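Everything numeric in this text was worked out from a predicted model, so none of it was measured.
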Amino acid sequence: MRVSVIVPCYNAGAYLEPCLRSVLAQTMGDLELLVIDDGSADGSLSVAQEIARGDARVRVFHQENRGVCAARNRGLDAARGEYITFVDGDDLLPPDALERMLALAPGADMVVCAHETFDEQGNTQLVVPETRWMDRQGENRRRAAALRLIEGDSVLNIMCGKLHRRALIEREHLRLDEGLKIAEDALFNLEAVLCGEGIAYLPEAAYRYRMHSASATHTRARGEFDAHRPWLLAMRALLARRGVLERYYPAYFDSVVLRLYKDGGVPGVLRDFGEKARPLLAECALDARRLSPWGRALFALARSGAYPAAYPLIFPVQLLRRKLTEAAFALRTGREARR
């Protein structure tokens, strides 16, 4: 069997049947569809069971409501395909999505595709990576993708729109962290990138993400930093466990500070760094001798508590670098579109 398609659902309502039909209508039919009902109370389980009665490729599992991570992990435990992909219960796959992604799978442990958002009014938008990490090759591509996952990328971060080699998932015992409520998918993808051998990229949309009021988005009463703190701690532990915290420390540092910046801008970083960010950055179990020169400088600034004083000088450089990266990406994208 080539592909296991895992669909977690919780009160997916009217969207679930079109989702499952889009999977079963794939031009590549050598698949199994695993539907994990996470304690739905709206008839989603009955919808899945009815579809399963008409197609032997469908298996349906039911559990008490434990969250999307637990549902996806249940699917991972049951999957039998050579590759695994995830689809949310309100989204859709284009008919040839799996066929196109499988064409890029040889030699890669993960295939990443662009995706398309759509809404009930017929509006669509193609979503592509925010930086050109996919233009690099081999280890350089993997490292660039890891950097984007640590800092944040709208294509790499999400759980869907990926094709994972199941042998890697089983060999490395990859599972979602059921204690996380935000960025659990980014953490899973980061670990897959860190221990995988290759990443392929499909620039066309092979996943359709539905935008609607009931989408499974995270509403946060807390601030950006407080909401993401569990993820930041889990990511630090992951990087340390994989022996790469020193390599990625500057990117991790930037990710921590970015959460403060989103909360309160430059004043927020200056005000809250010592209380909120410094414990994450200064109390790392790492070997400072293995840090890059810039990493050592950041680590020293964090440990001494002097980083806020240096931030007004560092911030303009970071902002300029980001703007130049975005401009270069926009210029290159425009050239490619005119070809």
Side-chain angles (χ1 to χ4, degrees), residues 129-133 135-136 140 142-154 156-157 182-183 186-187 190 193-194 220 222-240 242 244-332:
E130 295 165 17
T131 60
R132 304 293 293 182
W133 58 266
D135 283 349
R136 305 186 184 187
N140 288 334
R142 180 169 67 166
R143 184 167 182 175
L147 287 170
R148 293 307 303 144
L149 279 160
I150 293 169
E151 295 174 352
D153 183 286
S154 57
L156 280 171
N157 281 7
I182 292 177
L187 191 71
L190 174 60
V193 165
L194 290 175
R220 297 193 293 272
R222 295 175 295 166
E224 179 84 7
F225 185 90
D226 291 338
H228 283 86
R229 188 174 185 276
W231 167 65
L232 292 168
L233 286 168
M235 181 164 58
R236 188 182 72 178
L238 166 61
L239 294 172
R242 289 290 174 181
V244 294
L245 179 57
E246 291 84 358
R247 173 185 294 182
Y248 293 108
Y249 181 77
Y252 178 71
F253 197 110
D254 288 347
S255 188
V256 171
V257 173
L258 178 61
R259 265 72 235 174
L260 286 182
Y261 179 79
K262 286 186 174 182
D263 273 342
V266 174
V269 176
L270 300 179
R271 181 184 63 245
D272 296 330
F273 181 87
E275 177 185 352
K276 293 186 175 182
R278 187 167 177 261
L280 275 69
L281 299 169
E283 299 170 8
C284 293
L286 53 73
D287 183 351
R289 294 170 299 179
R290 294 174 55 195
L291 292 169
S292 67
W294 179 234
R296 285 196 295 272
L298 289 174
F299 188 55
L301 287 170
R303 292 192 69 182
S304 67
Y307 182 79
Y311 185 67
L313 299 176
I314 295 172
F315 172 73
V317 176
Q318 292 178 323
L319 184 63
L320 179 61
R321 185 182 65 180
R322 185 175 295 274
K323 292 296 183 183
L324 289 174
T325 300
E326 292 172 354
F329 173 70
L331 180 62
R332 180 161 188 168

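The shortest non-hydrogen separation linking L149 to L156 is CD2-O, 3.5 Å. The nearest pair of heavy atoms linking L187 to A234 is CD2-CB, 3.8 Å. The two residues I182 and A227 come nearest to each other via the heavy atoms CD1-CB, 3.7 Å. When all heavy atoms of V193 and A146 are compared, the closest pair comes out as CG1-N, 4.0 Å. Closest heavy-atom contact between S292 and P250: OG-CG, 4.2 Å. Y249 approaches A302 most closely through the heavy-atom pair OH-CB, 4.2 Å.
Counting heavy-atom neighbours within 6.0 Å of R303 CZ, excluding the residue itself, gives a total of 12 or less. Counting non-hydrogen atoms of neighbouring residues, nucleotides and ligands closer than 6.0 angstrom, the CZ atom of R236 exceeds 12 such neighbours.
The backbone N or O of A186 lies less than 3.5 Å from no partner atom in the side chain of N157, so there is not a single donor-acceptor pair.
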* Before giving the answer on side-chain contact (heavy atoms from CB on, under 4.5 Å), spell out for L194 and R142 the whole-Å C-alpha distance, their side-chain angles and the decisive distance to 0.1 Å. => CA-CA 7 Å; L194 290 175; R142 180 169 67 166; over 6 Å; no
* To do: Could you go through the side-chain contact (heavy atoms from CB on, under 4.5 Å) check for R143 and Y248 one step at a time?
  => CA-CA 9 Å; R143 184 167 182 175; Y248 293 108; 3.5 Å; yes
* Apply side-chain contact (heavy atoms from CB on, under 4.5 Å) to the pair F225 and D272, showing each step before the final yes or no. => CA-CA 10 Å; F225 185 90; D272 296 330; over 6 Å; no
* Verdict with reasoning, I150 to L239, per side-chain contact (heavy atoms from CB on, under 4.5 Å) -> CA-CA 10 Å; I150 293 169; L239 294 172; 4.2 Å; yes
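Two residues are said to be in side-chain contact when any heavy atoms from C-beta on lie closer than 4.5 Å; P308 and L301 fail this criterion. In this structure, the side chains of L258 and E151 stay at 4.5 Å or more apart for every pair of heavy atoms.
Residues F253 and Y307 bring their aromatic ring centres within 6.0 Å. Between Y311 and F315, the ring center distance clears the sub-6.0 Å criterion.
Aromatic ring orientation, W231 versus H228: perpendicular (interplanar angle above 60°, classes split at 30° and 60°).
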Taking distance alone, no hydrogens or angles, what donor-acceptor pairs closer than 3.5 Å link side-chain atoms of residues 284-291 to residues at least two apart or in another chain?
{"from": "D287", "atom 1": "OD1", "to": "R289", "atom 2": "N", "distance (Å)": "3.0"}
{"from": "D287", "atom 1": "OD1", "to": "R289", "atom 2": "NE", "distance (Å)": "3.0"}
{"from": "D287", "atom 1": "OD2", "to": "R289", "atom 2": "NH2", "distance (Å)": "3.2"}
{"from": "R290", "atom 1": "NH2", "to": "G243", "atom 2": "O", "distance (Å)": "3.3"}

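With rounding to the nearest 0.5 Å, the separation of CG in L281 from NZ in K276 is 14.0 Å.
Using modelled atom types and a 3.5 Å distance limit, the side chains of S255 and R259 yield a donor-acceptor pair.
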